[in-house]
2 protein chains.
Amino acid sequence: MRVTMADVAREAGVSKTTVSRVINTRSEVDRATAARVRAIIGRLGYVPSSGAVGLARGTSRTLGMLVPSLTWSWIAEVLQGVVDTVEARGYGLLLYTCNRGAESARRFTEQVSARAFDGLLVVEPENTLDTIGALHREGLPVVLIDDRGRHPAFPSVVTTNHEGAASAARHLRAAGRTRPLVITGPGHFPCVQDRLRGFTEVLPEHHVAPGDFGEESGSRAVRRALAAGTVFDAVFAHNDLTAAGALRALRAAGRSVPEDVAVIGFDDLPMARHTEPPLTTVRQPAGLLGETAARMLLDHLAGAPAPDGPVVLPTELVVRRSAP
Amino acid sequence: MRVTMADVAREAGVSKTTVSRVINTRSEVDRATAARVRAIIGRLGYVPSSGAVGLARGTSRTLGMLVPSLTWSWIAEVLQGVVDTVEARGYGLLLYTCNRGAESARRFTEQVSARAFDGLLVVEPENTLDTIGALHREGLPVVLIDDRGRHPAFPSVVTTNHEGAASAARHLRAAGRTRPLVITGPGHFPCVQDRLRGFTEVLPEHHVAPGDFGEESGSRAVRRALAAGTVFDAVFAHNDLTAAGALRALRAAGRSVPEDVAVIGFDDLPMARHTEPPLTTVRQPAGLLGETAARMLLDHLAGAPAPDGPVVLPTELVVRRSAP
DNA sequence: CTGAAAGCGCTTACAG
DNA sequence: CTGAAAGCGCTTACAG
């Protein structure tokens with residue numbers, strides 16, 4: 001039913017070997033023969049079975065990608081960058097999430113053992129870092145995207161958490177803000193520590209309120225600071241969601257942004273342009289992160305040596321009305 | 001190097017056939033033999049090569065999914081639903097976008113011919129509908145997600161555009177709004193026509209302003225209506241982005257929401273809760289759309305007959321402060 | 001420049 | 001209950 005290499009060979013009066021050579025454009029084929037075979041391939045609409053090619057060659061020309069929840073919008077942007085790059089190189093992309101905990105993890109490692117893909121891209125491995133490390137040690141090419149500052153022993157693409165936070169601090173200082181409130185993410189994330197250090201180096205004097213990257217934690221931090229009589233003329237939140245919560249609480253308390261309090265977030269999610277006022281934020285180059293990681297992995301599969309240190313992509317301060 | 005079925009067979013002193021039977025839990029195997037083989041499989045950490053199994057069986061246990069840009073956030077939600085369902089059934093998911101036009105399309109149809117996946121999920125086929133139709137006719141199982149109201153000749157999962165718009169209209173009418181301004185999406189989309197009809201049946205009297213699903217088109221429509229002296233006490237925008245634009249223009253013009261003008265959107269993107277005021281909107285069940293489509297396709301591959309009509313999933317009016 | 005044959009790692013009648 | 005053999009659709013030494 002489906003057209004196979006044997007059909008092409010028979011029709012062209014040559015061996016499968018020759019057809020294979022034509023397809024893979026090996027130079028040893030007679031020009032006339034090649035042309036004839038190519039014509040038949042076109043007429044029959046023959047396309048090699050990817051499965052069979054993979055089995056014979058021992059590679060699948062497919063990459064795997066493991067992500068936490070897809071509903072975090074910056075991950076969708078990373079994914080877009082990956083898909084673009086992978087498609088352009090003629091590879092396929094197999095997508096996995098670790099949504100359902102242990103069950104997903106088990107299934108996922110099975111896929112690895114089943115050689116379903118040649119290399120793996122991992123975003124923000126939370127609990128899976130050990131598993132990934134083991135797979136990497138067993139020979140699976142892996143590139144990490146945003147290691148959350150953990151810098152483990154394999155290739156990764158990261159962003160400048162330290163410098164990004166510093167740029168936010170410089171922006172506030174230049175605007176004459178002297179009493180910032182910093183609402184952090186979960187304290188055990190290395191990226192959170194990096195952001196805190198980067199900010200502190202520029203503006204050593206500030207209040208710190210613990211947050212959890214959720215929106216409510218931003219509101220809560222602001223409410224508490226106001227209730228405690230803390231004086232602040234700026235908020236630097238460790239992500240956009242938290243910043244949105246801060247905006248909400250400030251409005252509820254009758255503080256105007258940016259007149260009374262300037263607010264800066266981190267990430268530049270799509271929602272950042274839709275808050276009121278639109279949010280000034282430290283943009284993570286999500287799409288570029290994905291592209292770069294995919295390119296690194298593909299290059300490595302093509303024989304290039306793996307880079308030793310993490311590849312660092314710069315953040316960019318996006319100025320909107322919440323902190324002009 | 002990698003453990004193969006032959007290794008297991010040799011170690012267990014049985015034939016590959018028997019190992020295969022144990023793996024696929026055929027009943028004809030002696031209990032003791034099966035136990036021994038299983039022990040060896042465990043000890044060796046053997047996992048069947050998915051490529052080889054696929055070649056031998058003629059199926060890949062993989063689904064393909066073709067989406068337009070991933071950066072539209074509701075698509076990420078659809079994708080999440082698909083991935084969850086597909087993973088739970090032990091299938092893989094191969095992701096493709098049609099970002100780069102003709103080039104992507106060509107590569108994509110090659111993948112189809114290469115039998116890289118057993119069935120295909122397609123989101124909102126814009127220009128690719130003809131191609132998809134051809135593939136479907138040639139025997140590829142396909143399920144459409146959100147056909148934008150075109151209802152072509154194959155299985156699809158859609159949402160209630162007509163009823164969703166009607167529910168928005170009823171909500172406005174119940175709140176005593178009598179002069180709505182409707183900002184539409186691109187007029188050639190059947191879903192836009194459905195939304196317009198659904199709204200009209202409840203509130204026949206209204207102004208219509210053409211939009212294009214972009215944010216700016218919402219702002220522009222409001223500015224023009226105000227400039228023209230059009231009197232309106234409500235806005236129904238055909239998507240959330242347009243509604244956000246409308247909110248912005250209303251604020252700039254000094255109209256308060258919802259006091260002067262109530263605003264309702266469509267989609268319930270994550271940003272809808274972050275506008276000021278938070279947006280009342282007609283929620284599309286994106287995650288459920290993905291789950292349902294994946295389940296339909298998987299069931300069909302398992303032998304179930306394809307449903308004849310489109311499967312319709314209800315929208316839900318989410319009331320927030322922009323139209324209480 | 002070309003082909004016969006073995007091999008990739010499985011599954012599946014078929015025979016016993 | 002079990003195994004030898006053919007087959008899935010390719011690639012790749014090897015020989016000519």
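First the proteins, then the strands, lettered A, B, ... as listed; each starts at 1.
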When the distance from [atom1] of [X] to [atom2] of [N] is rounded to whole Å, what number comes out?
{"X": "A:I41", "N": "D:dC10", "atom1": "CD1", "atom2": "C1'", "answer": "13 Å"}
{"X": "B:N24", "N": "C:dT12", "atom1": "CG", "atom2": "P", "answer": "7 Å"}
{"X": "B:M5", "N": "C:dG7", "atom1": "CE", "atom2": "P", "answer": "19 Å"}
{"X": "A:R21", "N": "D:dC10", "atom1": "CZ", "atom2": "P", "answer": "16 Å"}
{"X": "B:R61", "N": "C:dG9", "atom1": "CZ", "atom2": "P", "answer": "21 Å"}
{"X": "B:K16", "N": "D:dA4", "atom1": "NZ", "atom2": "C1'", "answer": "10 Å"}
{"X": "A:I23", "N": "D:dG9", "atom1": "CD1", "atom2": "P", "answer": "14 Å"}

Taking only N and O in the side chain of [X], is any of them less than 4.0 Å away from OP1 or OP2 of [N]?
{"X": "B:S20", "N": "C:dC10", "answer": "no"}
{"X": "A:T18", "N": "C:dG3", "answer": "yes"}
{"X": "A:T33", "N": "C:dC1", "answer": "no"}
{"X": "A:T17", "N": "D:dT12", "answer": "no"}
{"X": "B:T4", "N": "C:dC10", "answer": "yes"}

Inset, instruction - Answer yes or no: side-chain N or O of A:R115 and base N or O of C:dG9 forming a donor-acceptor pair under 3.5 Å. - result: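 Answer is no: no donor-acceptor pair is held.
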Under a 3.5 Å distance rule, please check whether [X] uses its side chain to pair with a backbone N or O of [Y] as donor and acceptor.
{"X": "A:R2", "Y": "B:S113", "result": "yes"}
{"X": "B:S15", "Y": "B:T18", "result": "yes"}
{"X": "B:H300", "Y": "B:A304", "result": "yes"}
{"X": "A:D267", "Y": "A:L269", "result": "no"}
{"X": "A:S20", "Y": "A:K16", "result": "no"}

Inset, instruction - Kindly assign one of parallel, tilted or perpendicular to the pair A:Y96 and A:F108, based on the angle between their ring planes and the thresholds 30° and 60°. - result: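 It falls in the perpendicular class, over 60°.
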Legend entry - A:A6 or B:R36, whichever maps to the more 5' nucleotide of DNA chain D: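 Result: B:R36.
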Inset, instruction - Would you jot down, in residue-number order, the residues of residues 51-59 of chain A having a non-hydrogen atom under 4.0 Å from DNA chain C? - result: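 Heavy-atom contacts with DNA chain C come from A:L55, A:A56.
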Legend entry - Residues A:R89, A:D299: salt bridge by 4.0 Å N-O rule: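 Counted as a salt bridge, because a side-chain N and a carboxylate O are separated by less than 4.0 Å.
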Inset, instruction - Determine which nucleotide pairs with C:dA15, using a 3.5 Å limit on both distances of a Watson-Crick or G-U wobble pair. - result: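 Per the H-bond distance test, D:dT2.
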Inset, instruction - Identify, between A:V14 and B:Y46, the residue whose nearest nucleotide on DNA chain C lies closer to the 5' end. - result: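 Checking each residue's closest nucleotide, the 5'-ward one belongs to A:V14.
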Inset, instruction - Could you say whether B:V47 or A:S15 is positioned toward the 5' end of DNA chain C, judged by the nucleotide with the nearest heavy atom to each? - result: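 The residue whose closest nucleotide sits nearer the 5' end is A:S15.
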